[in-house]
Amino acid sequence: MEKFTTHTGVAAPLKRSNVDTDQVIPAVFLKRVTKTGFDDALFYNWRQQDDFVLNQDAFRNATVLVAGPDFGTGSSREHAVWALRDYGFQVVLSPRFADIFRGNAGKQGLIAGVITEEVLENLWAAIGANPGVEITVDLVACTVTLGDYTAPFEIDDYTRWRLLEGLDDIGLTLRHQDEITKFEARREAWRPRTLPVP
Amino acid sequence: MSADIHITDHPRTLAEKLWDDHVVVPGSGQEPDLIYIDLHLIHEVTSPQAFDGLRTEGRPLRRVDLTIGTEDHNTPTLAIDKPIVDLTSRTQVDTLRKNAAEYGVRLHSLGDAEQGIVHVMGPQLGLTMPGMTVVCGDSHTSTHGAFGSLAFGIGTSEVEHVMATQTLPLKPFKTMAINVEGELKTGVTAKDIILAVIAKIGTGGGQGYVLEYRGSAIRALSMEGRMTICNMSIEAGARAGMVAPDETTFEYVKGRDHAPKGQDWDDAVAYWTTLPTDEGATFDAEVFIDANELEPFVTWGTNPGQGVSLNDAVPTLDSFADDEARQSAERAFEYMDIAPGTPMKDIAVDAVFMGSCTNSRIEDLRAFASVIQGRTKAEGVRVMVVPGSARVRLEAEAEGIDKIVTDFGAEWRFAGCSMCLGMNPDQLAPGERCASTSNRNFEGRQGKGGRTHLVSPLVAAATAVRGTLSSPSDLDNADDRELVGA
Ligand code: SF4
C-alpha cells in the first residue's frame, strides 16, 4: 500500500446526515467481481438530480468529502469505499462514521477523519463562501487546513500508523503465524468444522 | 482459551469472556488484539475480490474447514433450475462456484437443501453455537449473536484477511446492556422489540458497542425471536448483538448436523454455561425497555430509527428536538410521500414482502400463515413470501404453508435475500410502497424509488389482508383465532 502523509484537494460538502452505504452505492452495482470501475455508481440515485453537490462545476473534481454525521451506516459493502476512491476521493470527514465503513476505509487507504460538529459547520461555511476551495489534510499532524483555518481530526492510532507507513494488514498479521498455529492446537474439540460434511 | 488458562477474578460480561477466549496475540504498541475466528461465512457478493487478493499474493486459504459459502444475495427466487438471466449476476455466482472449487470451500448452491440466506444457513446446520466468533462479509452477521457468540459483519478486505490468517486485528468493543423486562402483549413480537430499541437509541446509538439483550422478555423468546433481535443490532449502529446462552439455546443446537456429540457435547455445555455475564459485571452503557408497554412497531421514514407504534401517527416536525433529526425527517416525508400527522393505519401499501434474514425462518412463516389462513388478500396488493433457506421452504411445505400462501393469492418463492435489497429481479417499482419484514427502509433499498415500511410478520400478514398498515387485531373475527407468535 502507498504511504499517505498529506493530501490537498477540492472539498465537497455533503449536507446530509445518516448517509447509508445503499446511498453511497446502490445494491444493483454490487454484481461486479472486480475492485474497480465503480466511479459512475457512486451516489448513483442522487447524481440523477441536477442540484446534487457533485453535479455542480465547483465540486466535480472534489477529492475530500465533508459529510454530515453517521456517514457509511448500514450495509458492510466495501464497494462504498471503492466507489468513493474510484471517483477520486482520498478523504471523507464526518463527525461520526459507522464502524464497518471506517474499518473498510482504513484498509483501502481512504482517510475517514472524525471532526467535531463545530468543525463541520465551519468547514461547510467556508466551502459555501468559496466553492471549489482546496483543503489540506495532514495525517502526520491530524489536521485539516482551509485557508488560514486549521482544525484537528481524529483517526484511530493503528490505522494512522499503517497508512503513514504504507503497511499491509495481512502482512502484519502473518508475522504471527506461529502464535496462530499454537492457538489452533489449543482449540477445543467441540468447536465445529464445516468439513468434512457430516 | 479454556477456563483454566484464563485467571481473572473481576466479574466479566459475556462479550468480554468471548473476547478474552479468542485473543491469539494481545495488542502491543500500535497493534490491537489479534482475535481468532471460529467460523467464516461467505457469499457471492463480498467474496470475489477477496479471493482475487489471495490469488494475487499467492496466499493459501488457511482454514477451509472453518469456512462455508452459500448463494443468496444475487440469486433469483423463480426458475432456479435455469441459468441466471442477468449476465453480471450469473458471472458473480459462477465466480463464487469457481473460487469455492479452486480453494476447496464447501458451498451450498442454488438447488441444494442448505442453500439460503447466509444467516439462516449457519444456525440451521448447527454451525452457529455459543462461545464462538463468527464473521461474514455482511453486516447482519450480528444475527448469530443470538446463540451467545460474538458475531459481526466485515468488509471485503477483512474477508481476505480472515481467509489468509483466520484472525482479525481488532480493538475490543464497548458493551451496552439492553434490558427488556416484562411480558409482551399478544401480537407483539421480537421484531417490535428491536424496532422500539432502535427508535429509542437511534441509528448511531450503538456505534462502537456490542449490545447484550437481557431481561425476562428476552429469556422468554425462542431462538428465532432472539435471532430477529440480534439481526438488527447493526441498524442501531452496533457491530454485534448477543443473548446469553441458556436451555433454549442448547435445546435448539442439540442434534443439528454440526452440533457436538457425546463427550464433546458435555464439554461444550459445561463451557457454555460459564459464559453468561457475571453478577456484578459492569457495562459501559445501559438501556431499559418495558416490554409490557410495547405495541406493534412500524417505521414511517427512511432509516430504521424512524419508527412509531402502529397505533400512532407519523410524527410532526415540531416533535423533533434537534435540527438534524428534523431535517432528516423532512427529507424522509418527501421521499416516502407521507404527511406528518397521518395515522400509520391510514397508510395504504402496494406490496408486502415477507422474508429476509430478519424474518424468514419457519416460525416467521407460521406466524404469517396463521393470520392469512382462510382470509383473502387485499385487491391490488402484491404479496411475496420468500423463505430464508431451501430447508425452511421444505419444512413449510411439509406443514402446508405454501398452500395457505398461494390460496391467499400470494407468491411462494425460492430462498434468498430477494426484495430485502433488490439485487435480483425482485424489486419495487419507483413510487411503490411496501410493508416489509426486512431490516432496512433506506431510500431505494428495495428498488429505485421504492418506499419501505418495516414491520413484523404478523403486521405484514394483516396488512396483506387489509391493504393498509394493520395489526391482526384489526381484522374481522380477530378474536376467533389464536395467533402464532413470531
Ligand atoms: S436478507 Fe437482506 S439483510 Fe439479510 S443478508 Fe440478505 S440482503 Fe442482507
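Numbers restart at 1 for each chain; the letters A, B, ... are given by sequence-line order, proteins then strands.
With rounding to the nearest 0.5 Å, the separation of CZ in A:Arg193 from CZ in B:Arg106 is 13.5 Å. A distance of 12.5 Å separates NZ of A:Lys31 from CZ of B:Arg90, quoted to the nearest 0.5 Å. Rounding to the nearest 0.5 Å places CD1 of A:Ile180 at 9.0 Å from CD of B:Gln166. Distance check: A:Asn45 CG to B:Tyr335 OH gives 7.0 Å after rounding to the nearest 0.5 Å. Atom OG1 of residue B:Thr67 and atom CG of residue A:Leu195 lie 8.5 Å apart, to the nearest 0.5 angstrom. Note that CD of B:Glu31 is 12.5 Å distant from CG of A:Asp157, once rounded to the nearest 0.5 Å.
Heavy-atom distances place no part of A:Glu165 under 4.5 Å from chain B, backbone and side chain included. Contact annotation for B:Asp257: both backbone and side-chain heavy atoms come within less than 4.5 Å of a heavy atom of chain A. For a residue to count as touching a neighbouring chain, one of its non-hydrogen atoms must lie under 4.5 Å from one of that chain's; by this rule A:Thr181 touches chain B with backbone and side chain alike. Heavy atoms closer than 4.5 Å to chain A are found in the backbone of B:Ile154, but not in its side chain. Of the atoms belonging to A:Val197, heavy atoms from both backbone and side chain fall under 4.5 Å from chain B. Heavy atoms closer than 4.5 Å to chain A are found nowhere in B:Val159, neither backbone nor side chain. Both the backbone and the side chain of B:Thr156 come within less than 4.5 Å of a heavy atom of chain A. B:Ser89 touches chain A through backbone and side chain together, each having a heavy atom under 4.5 Å away. Contacts of B:Thr95 with chain A are made by side-chain atoms alone, with heavy-atom separations under 4.5 Å and no backbone atom involved. With a 4.5 angstrom heavy-atom cutoff, B:Val25 touches chain A only via side-chain atoms. For A:Asp178, no part lies under 4.5 angstrom from a heavy atom of chain B. Contact annotation for B:Gln427: only side-chain heavy atoms (C-beta onward) come within less than 4.5 Å of a heavy atom of chain A.
Not one N or O on the side chain of A:Gln108 forms a donor-acceptor pair closer than 3.5 Å with the backbone of B:Ser157. Remark: side-chain polar atoms of B:Glu443 are not paired, donor with acceptor, to backbone N or O of A:Gln23 under 3.5 angstrom.
Your options are B:Gly208, B:Gly447, B:Ser47, and the one with the most heavy-atom pairs under 4.5 Å with chain A is B:Gly208. Comparing A:Gln177, A:His176, A:Lys182, A:Arg102 by how many heavy-atom pairs each has under 4.5 Å with chain B, the most go to A:His176. For the options A:Ala189, A:Pro196, A:Pro26, heavy-atom pairs under 4.5 Å to chain B are most numerous at A:Ala189. Listed options B:Ser139, B:Pro48, B:Pro260, B:Gly444 were ranked by heavy-atom pairs under 4.5 angstrom with chain A; first place goes to B:Ser139. Contacts with chain B were tallied for A:Arg32, A:Glu184, A:Arg162, A:Lys35; A:Glu184 has the most, counting heavy-atom pairs under 4.5 Å. Here A:Val33 is the residue among A:Val33, A:Thr21, A:Asn104 with the most heavy-atom pairs under 4.5 Å with chain B. Ranked by heavy-atom pairs shorter than 4.5 Å toward chain B, the options A:Val28, A:Asp156, A:Asp70, A:Thr73 are led by A:Asp70. Between chain A and the residues B:Asp86, B:Asp52, B:Thr302, the most heavy-atom pairs under 4.5 angstrom are made by B:Asp86. Residue with the most contacts toward chain A among B:Leu127, B:Thr46, B:Ile234, B:Leu421: B:Leu127 (heavy-atom pairs, distance under 4.5 Å). Note on A:Lys107, A:Glu179, A:Arg16, A:Arg96: by heavy-atom pairs under 4.5 Å with chain B, the leading option is A:Arg16.
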| message | Set out, in order, the CA-CA distance, both residues' side-chain angles and the distance that settles side-chain contact (heavy atoms from CB on, under 4.5 Å) for A:Leu174 and B:Arg59, then state yes or no. | response | CA-CA 10 Å; A:Leu174 287 173; B:Arg59 288 170 177 150; 3.5 Å; yes
| task | Begin with the C-alpha distance, continue with both residues' side-chain angles, and end with the deciding distance and a verdict on side-chain contact (heavy atoms from CB on, under 4.5 Å) for A:Ser75 and B:Arg440. | result | CA-CA 9 Å; A:Ser75 157; B:Arg440 287 185 176 145; 3.4 Å; yes
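Counting all heavy atoms, side chain and backbone alike, B:His161 lies closest to A:Asp169 at CE1-O, 3.4 Å.
Heavy-atom contacts from other residues, nucleotides or ligands closer than 6.0 Å to NZ of B:Lys171 number more than 12. Annotation: A:Gln49, atom CD; neighbour count of heavy atoms from other residues, nucleotides and ligands within 6.0 Å is above 12. Around the CZ atom of A:Phe29, the shell of radius 6.0 Å holds more than 12 heavy atoms that belong to other residues, nucleotides or ligands.
Residues B:Arg63 and A:Thr194 have side chains that never bring a donor and an acceptor to within less than 3.5 angstrom of each other. At a cut-off of 3.5 Å, with distance as the only test, a side-chain donor of A:Asn18 or B:Thr203 sits close to an acceptor on the other residue.
Using cut-offs of 30° and 60° on the angle between ring planes, the pair B:Trp272 and A:Trp190 is perpendicular.
The side-chain contact (heavy atoms from CB on, under 4.5 Å) check on A:Ala12 picks up A:Val53, A:Leu54, A:Phe59, A:Ala62, A:Leu65, with sequence neighbours excluded.
Remark: B:Asp38 engages A:Arg191 in a salt bridge, criterion side-chain N to carboxylate O under 4.0 Å.
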